[in-house]
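Chain naming here is simple, since letters A, B, ... match the order of the sequence lines and numbering starts at 1 in each. Quick note: numbers below take in every heavy atom, side chains included, and nothing from hydrogens, waters or symmetry partners.
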Amino acid sequence: MTADDHLILVDGSTFIFRAYHALPPLTRKPDGLPVGAVSGFCNMLWKLLQEGLSPEPGDEPTHMAVIFDHSSKTFRSDIYPEYKAHRPEPPEDLIPQFGLIREATRAFSVHCVEQEGFEADDLIATYARQAAAAGARVTIASGDKDLMQLIGPTVKMIDTMKGKTFEEADVFEKFGVGPDKVIEVQSLAGDSVDNVPGVPGIGLKTAALLINEFGDLETLLSRASEIKQNKRRENLIEFAEQARVSKQLVTLKQDVPVLVPVDHLAVTEIDGPKAVGFLKAMGFTTLTKRVAETTGAELANIEPADFQVPGWDVPDGKGRLSPASPTARGVAAPAASSTSQSEAGDGASSSPASGSAQADLPAGMMVPQTVASEAADAARNTTIDPSTYETVTTVERLKEWVAEAYEVGTVAFDTETTSLDAMQADLVGVSLATAPGKACYVPLGHVDGEGDLLGGGGLLPGQIPLGEALAVLKPMLEDRAVLKIAQNLKYDWLLMTRYGVDIAPFDDTMLLSYTLDAGKGGNGMDELSERWLGHTPIPFKEICGSGKSMITFDKVAIDKATAYAAEDADVTLRLWQVLKPRLASERMATVYETLERPMVPVLARMERRGISVDRQMLSRLSGDFAQGMAAEEDEIYALAGETFNIGSPKQLGDILFGKMGLPGGKKTKTGAWSTSASVLEDLAAEGHELPSKIVAWRQLSKLKSTYTDALPGFIHPETKRVHTSYSLAATTTGRLSSSEPNLQNIPVRTEAGRKIRKAFVATPGHKLISADYSQIELRVLAHMADIPQLKKAFADGLDIHAMTASEMFGVPIEGMDPSVRRRAKAINFGIIYGISAFGLAAQLGIGRGEASDYIKTYFERFPGIRDYMEAVKKEVHANGYVTTIFGRKAHYPDVNTSNPNMRAFYERAAINAPIQGSAADILRRAMVRMEDRLSHSRLDAQMLLQVHDELIFEVPDAQVEVTLPVIREVMEKACEPALTLSVPLQVDARAADNWDEAH
DNA sequence: TCTTGCCCTTA
DNA sequence: GTAAGGGCAAGAT
């Protein structure tokens, strides 16, 4: 090997596990051989061979090998038996694929190296050192951060799945030290995945700090007594030996006596027929074709390779082979496909991936490249440089920007303000972007940031007067000819309506992301920028600071503000160019256009209206609750024999289970005794007095702190009403969420709680109407799973829980024992939540076996429900997502994890998502139509709140009776005409002076 | 001052 | 058993 050579070392393990976990399971057609990971591996290896790893010409690899782990037993387990001890066994369906992947490597004429007693990492380290010693360049293809210690001037690392290259600077970013100090840091910080202990209380940040100060581990340990922080010093002294062992574990062995010399790893020409033969035998049609085309191998004349996999027959290769197709399509299809969906045509039965020929590159894998348009490429590939943005200081320039927006027809728009609360914020500036890299900021309200109490605070020069700027902007923002693009537009929309501007038409990149990728991660701009543009925008903290010293945006210097604000518009525009094309290609345009985008003005108006709360009533209640708490406190302290902080679960646990010696039940995940209400209630049932007093105190404390004390703080100084903020993109299922304050969890179950609800009142001369869907989720389930008894019961208007009980236990509905109905009700809820015997038992306070029997009986009576659940599970495993009746997707990217508990959790979530999500879709459809229907009927009702299955309106007294049926009709017919449910929807609506009585 | 854990409120 | 937001205590920084 010489200085002209370039060695590529592929970490086989990373590739295998990435391929397995990133992709849904896939089996070979004739015999069910699992080949998902093999498929992923082959695709990755082929891509590597095609594209190489180095963009520069002349740097093509001269040597290459895939390195595998030989077995789990290595010299490290001798040093520290616990090393990697927590690693779960590989999943069952991955085991036969290990051998196949080695076959695949050879089939592609790539060297395949492993050696007993050593991890792949040690072999990689050894080869890398030998090659580097000869002056050759080395590229390590891996996602394993442990290999970062090998990076050097001629050694780089590349994560092909994430398309990221790591050089020395990147190591610094990750570990806070250079490659030569990585092991020092790792031996302190440890690694929970590999079970490297490290030193307790020291994480990556602290470890880097210490190593930078002391140089290396040994120096640090010998001078540990100099450390100021008590806990840190003690741990370093106590766990010194553990740190030394950790260092041995993380240090890669660079002198493995390799059986295959590095010179033998020279690349060889790919043997086309051999590769094609292997791929044919696997049944990967798409890749087989591609490899045949590239290598010139004659596809038709090549027989599938003949090799044995224990337990599986060799296919005959006579055209019977085809890539397995996901088997669980159309779980919700009976409903979705049997009814017309003129609006939501992209229903459950049409996922783009499952129908495509690319079954060997299955759905769920993020392949941004495949959806790229030219514009999207430009959006991604031109650099983002905040120093190039323009600060607009004259009306003339602003007019030119507006003209540019008309010219292009689209403009990204963002506002900068003094507050996160759109109801309180003052406009400080706006930014525009008309093309990637072409963005500006228009400062409008910046003041002298240096100004203290005495001077300053005046408007800075060089800013267009607000009114003049708005006069130029408003026509463009309201013009149909210009599409406005924003990230989380609801905020800007609400703000701008306060300045008399109604933005339309528009697109919202946050909602685009949510429509396409709900469940895959956040939809915030910074996160989307990282994910799609590989760019980290200037953090808000960097401009305004955080915590106590945070300044409002109007105090930010205009040049800094320009860089920050214009970048936001630039990034938003680029995100739109990346995401918008996916809408059509992934058939999600209807979901976006009917269920997401129209919600923006609807919710903004609801937020702006707010709701009236009676401040005096809350204040009185707060006093009452405080008195009640004080009374309980006296008795609690007397029973405990001492005073303590009742609000501290830790102190309470010490009293109950330590001092008083009560039998502890559950433990929390950190190992402490649980003091949850269910535990305390069990103790109370055994006759202990203290626990029931604690429960009573907690209830009062919760009501007081969260509601009576916090709510008045949200009363707007001018409107005198409470304005919540709804999030459209916070949940995986499609529900809304409400915050600041959360008006979706106002108490209702207890008498004391309902007093808080009474404080939500109608304005004088008005009533509140509360309209809620009855059993909407069970109705949706009855429709989706097509359950005859349930459908009939709903059609006949029966009590659904009593009917369930009657079916299950064979008792008549007339004169039914309430406890029997209660059990059936719990089961019905359990079904919606993806039932487990464990959960049902906990809910009903019965044994696991008994709960199990209930579930069995239920499934015998309603076999369609069981079939539905099984089908959803198959669907989510195959596709990585599930769909609602209107085509909304909920993704569960980690559902194929090998951890059985996590897997079961994701499966339950996936069972629940189409039910909860379909109900959420129905609410959205009702809300989108409601305002028009009311105004067409010349009614003045105002929609104020949404609480998942309930809508709250404020209505003039005289119109109550006319309004009620209109609201009911819109809600009950919300599915039409896209879909006719096979079950009627029922809405109960009532009017009263306050929310409690209306509900 | 910030983060995590625990507990509780809703549908 | 599903989906959320939020207050307070305690510990780390």
Please check the phosphate of [N] (OP1 and OP2 only) for any side-chain N or O of [X] closer than 4.0 Å.
X	N	result
A/Ser674	B/dC6	no
A/Asn745	C/dG5	no
A/Gln651	C/dA10	yes
A/Arg735	C/dA3	no
A/Thr670	B/dT4	no
A/Thr706	C/dG6	no
A/Arg749	B/dT10	yes
A/Arg908	C/dT2	yes

### Query
What is the ring orientation for A/Phe760 with A/Trp995, classed by angle as parallel under 30°, tilted 30 to 60°, or perpendicular over 60°?
perpendicular

So what does [X] hit on the nucleic acid, given a heavy-atom distance under 4.0 Å: a base, only sugar-phosphate, or nothing?
X	result
A/Ala826	base
A/Asp772	nothing
A/Glu950	nothing

In terms of side-chain heavy atoms of [X], which of [options] is nearest?
X	options	value
A/Lys702	C/dG5, C/dA10, B/dG5	C/dG5
A/Ser739	B/dA11, C/dA3, C/dG6	C/dG6
A/Ser737	C/dG5, B/dA11, B/dC6	C/dG5

### Task
Using atom CG of A/Asn901 as one end and atom P of C/dG1 as the other, report the distance to the nearest whole Å.
11 Å

### Query
Are A/Lys666 and A/Trp673 in a cation-pi setup, meaning NZ or CZ lies under 6.0 angstrom from the ring centre and within 45 degrees of the ring axis?
no

### A/Lys889 to A/Tyr881 six-membered ring, cation-pi geometry met (6.0 Å, 45°)
yes

### Query
Do A/Phe862 and A/Tyr858 have their ring centres less than 6.0 Å from each other?
yes

